[in-house]
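This chain uses plain numbering: 1 for the first residue, then up along the sequence. Computed from a predicted model, the values in this text were never measured in an experiment.
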Amino acid sequence: MKLAIVGGGPAGLYLSILLKRQDPSHDITVHERNPEGSTYGWGVTYWAGLLDKLREGDPESAAAIEAASVTWTDGLAIVRDERTVHRGDAGFGIGRRRMLALLADRAAGLGVRVRFEHDVPGPDAPELAYTDLVVAADGVNSVLREAHTDHFGSTVTSGRNPYVWLGTTKVFDSFSFAFKETAHGWIWCYAYGFSGERSTCVVECAPETWAGLGLDTLGETDSLRLLEKLFDDLLDGHELIGRDRADDTTQWLTFRTLTNRVWHRDRLVLLGDAAHTTHYSIGAGTTLALEDALVLADSLRTSTDLETALTTYGKRRRAELVSAQSAARYSAQWYENLPRYMRLEPAKMFALLGQRHSPLLPHVPPQLYYRIDRAAEQLEPLRRLKRWLGPRVARAVHGRR
């Protein structure tokens, strides 16, 4: 086949690798509008289960990604200056720029053409003519999807809280949280390492806190200095790093959750953030995008015709995403209702932070939920009841709205 992949993010590059390994005769071009080595964001997170899948898809790129990653096993939370540690499963962090460079090198080594600084303005672009398959891997703002948004049934829901992605010279050896109470409400930070020199910090707060602290009007330099003071015990004197924009503006965003009713139209198929997004607080965006690539490659390999392959891919991935999308929705809501949980002792609050994906938690007083959760760890019947009850309570409450 002749394929055009629009978007040189992790999903698009990894798909090109998988397809070239399946059939070296495929003619594949990846079109990336940004310069080589230029990317947004700092680091990305993933878990051991993804590495197992990547090893099956392409052992060489999996080994390179693992070697370039840092690991952690603990979670740390600072709440009102009190530190709480939670022992957990191993997590991994890798710089987004480093991951893209590894995947681009691997793709080029297999014979994929990776064209940087090449913008594809729409589905009628000449670069897409005479191709058997066009993959829209061009992100949440996909121009290829937007050209046919009615067909795809795209729905975008905006979150409430402003957030900003930052870097720091502090190297974290655990996935860390800090929650700070100000005169204008709570503000919090998620932080994790992605190399031996840098970490990612994501800062989030309610709109009222954002405006009350002046973050809605401060330039980037002043914003970073203010945030460094607020999170001084987390950062240990290290600086925060912005995106160094020429106009000194801080890129505060509100998260947009994207879903699509169908994922392909004729020979155009959606991949990664062009097809779906899940709130960053569950740390699954890159993992889900790479899993898209694995399933699409498998569907193209095993199906007898293109239409069947794309239909199978879309149905399978939409079904597989239900659990992650539910977890992301409840996680985002947990943070949007943060004051509900901040009256708890720090250790209990951190325990419920780990339970934020639960559909039952929003409907049970936090102290009561904590006691139920602790008891469920010892009693299997109560654990089963908790799992059974959550979705039903959530559906009943939703049905009354």
Side-chain angles (χ1 to χ4, degrees), residues 42-43 45 70 72-88 91 93 160-194 198-216 218 221-242 250 252 280-281 283 331-356 361 365-367 369-371 373-374:
W42 297 93
T45 60
V70 299
W72 64 83
T73 55
D74 296 339
L76 167 70
I78 301 175
V79 184
R80 296 192 187 90
D81 303 324
E82 182 175 331
R83 291 174 178 256
T84 303
V85 176
H86 173 72
R87 308 298 178 186
R160 177 174 180 267
N161 290 348
Y163 70 96
V164 62
W165 287 88
L166 302 169
T168 179
T169 53
K170 167 73 181 288
V171 178
F172 291 93
D173 57 6
S174 61
F175 201 106
S176 301
F177 303 83
F179 299 85
K180 298 296 178 177
E181 190 173 20
T182 75
H184 306 284
W186 289 90
I187 186 168
W188 54 96
C189 173
Y190 323 76
Y192 55 89
F194 64 82
R198 294 285 188 272
S199 297
T200 296
C201 287
V202 185
V203 178
E204 181 183 345
C205 59
E208 306 81 42
T209 306
W210 182 61
L213 292 171
L215 293 167
D216 58 335
L218 288 175
T221 301
D222 291 335
S223 293
L224 296 183
R225 300 296 84 80
L226 173 58
L227 294 173
E228 286 168 358
K229 290 178 182 178
L230 287 170
F231 298 109
D232 61 330
D233 53 352
L234 178 73
L235 296 171
D236 293 328
H238 286 264
E239 65 174 351
L240 290 171
I241 308 168
T250 309
W252 290 91
Y280 54 83
S281 62
S331 180
Q333 291 173 0
W334 191 92
Y335 286 106
E336 290 178 352
N337 294 286
L338 185 76
R340 182 175 189 259
Y341 306 99
M342 299 312 290
R343 291 187 292 273
L344 297 172
E345 301 166 19
K348 292 181 179 180
M349 191 285 298
F350 196 19
L352 294 194
L353 172 66
Q355 290 284 311
R356 66 189 183 278
L361 179 55
Q367 285 279 12
Y369 185 95
Y370 177 81
R371 290 196 292 269
D373 187 57
R374 294 287 82 83

Checklist entry - Between Thr200 (side chain) and Trp42 (backbone), is there a donor-acceptor pair under 3.5 Å? => result no

Item to check | CG on Leu240 to OG1 on Thr221, rounded to 0.5 Å | outcome: 12.0 Å

Checklist entry - Given the side-chain rings of Phe179 and Tyr341, with only the six-membered ring counted for Trp, is the space between their centroids under 6.0 Å? => result no

Checklist entry - Got more than 12 heavy atoms from elsewhere within 6.0 Å of CG, Asp74? => result yes

Checklist outcome for this item: One should read off an interatomic distance between Leu235 CG and Phe172 CZ, to the nearest 0.5 angstrom, of 5.5 Å

Checklist entry - Heavy-atom distance under 4.5 Å between the side chains of Val171 and Val70, does that happen here? => result no

Checklist entry - Between Arg343 and Arg340, which heavy-atom pair has the shortest distance, and what is it? => result NH2-O, 3.9 Å

Item to check | CA sep, side-chain torsions, deciding dist, call: Thr45, Tyr192, side chain to side chain contact (heavy atoms under 4.5 Å, CB included) | outcome: CA-CA 8 Å; Thr45 60; Tyr192 55 89; 3.4 Å; yes

Next on the checklist: Within this structure, what is the OH-CH2 distance for the pair Tyr280 and Trp165, rounded to the nearest 0.5 Å?
Outcome noted: 8.0 Å

Checklist entry - If every non-hydrogen atom of Ala206 is compared with every non-hydrogen atom of Pro162, which pair is closest and at what distance? => result C-CD, 4.0 Å

Item to check | Interatomic distance, Thr209 atom OG1 to Trp186 atom CH2 [nearest 0.5 angstrom] | outcome: 10.5 Å

Checklist entry - Measuring from Cys205:SG to Glu336:CD, what's the distance to the nearest 0.5 Å? => result 12.0 Å

Next on the checklist: Tell me whether His86 at atom NE2 has more than 12 heavy atoms from other residues, nucleotides or ligands lying less than 6.0 Å away.
Outcome noted: no

Checklist entry - Quick one: does Arg356's side chain have a donor or acceptor within less than 3.5 Å of a partner on Leu353's backbone? => result yes

Next on the checklist: If you compare all heavy atoms of Ser331 against all heavy atoms of Ser281, which two are closest, and at what distance to 0.1 Å?
Outcome noted: OG-OG, 2.6 Å

Checklist entry - What's the shortest heavy-atom distance between Ser174 and Leu76, and which atoms? => result OG-CB, 3.7 Å

Checklist entry - How far does OG1 of Thr168 sit from CZ of Arg198, to the nearest 0.5 angstrom? => result 8.0 Å

Next on the checklist: Strictly distance-based, threshold 3.5 Å: is any side-chain N or O of Thr250 a donor or acceptor partner for the main-chain N or O of Trp252?
Outcome noted: no

Item to check | Donor-acceptor pair, side chain of Lys170 and main chain of Leu234, under 3.5 angstrom | outcome: yes

Next on the checklist: Using only atom types and a distance under 3.5 Å, with no angle test, would you say the side chain of Asn337 pairs donor to acceptor with the backbone of Gln333?
Outcome noted: yes

Next on the checklist: Testing the basics here: between Phe350 and Gly75, what is the closest heavy-atom pair and its distance to 0.1 Å?
Outcome noted: CE2-O, 3.7 Å

Item to check | Ionic contact status for Asp232 with Lys180, cut-off 4.0 Å | outcome: no

Checklist entry - Do the ring planes of Tyr335 and Tyr190 sit parallel (below 30°), tilted (30 to 60°) or perpendicular (above 60°)? => result perpendicular

Checklist entry - Is there a side-chain contact between Arg80 and Met342 (heavy atoms, below 4.5 Å)? => result yes

Item to check | Heavy-atom side-chain contact between Val164 and Trp210 under 4.5 Å | outcome: no

Checklist entry - Between Arg160 and Glu204, does at least one N-O distance fall below 4.0 Å, as a salt bridge requires? => result no

Item to check | Qualifying residue for side-chain contact (heavy atoms from CB on, under 4.5 Å) with Trp188, from Ile78, Val79, Leu230, Asn161 | outcome: Asn161

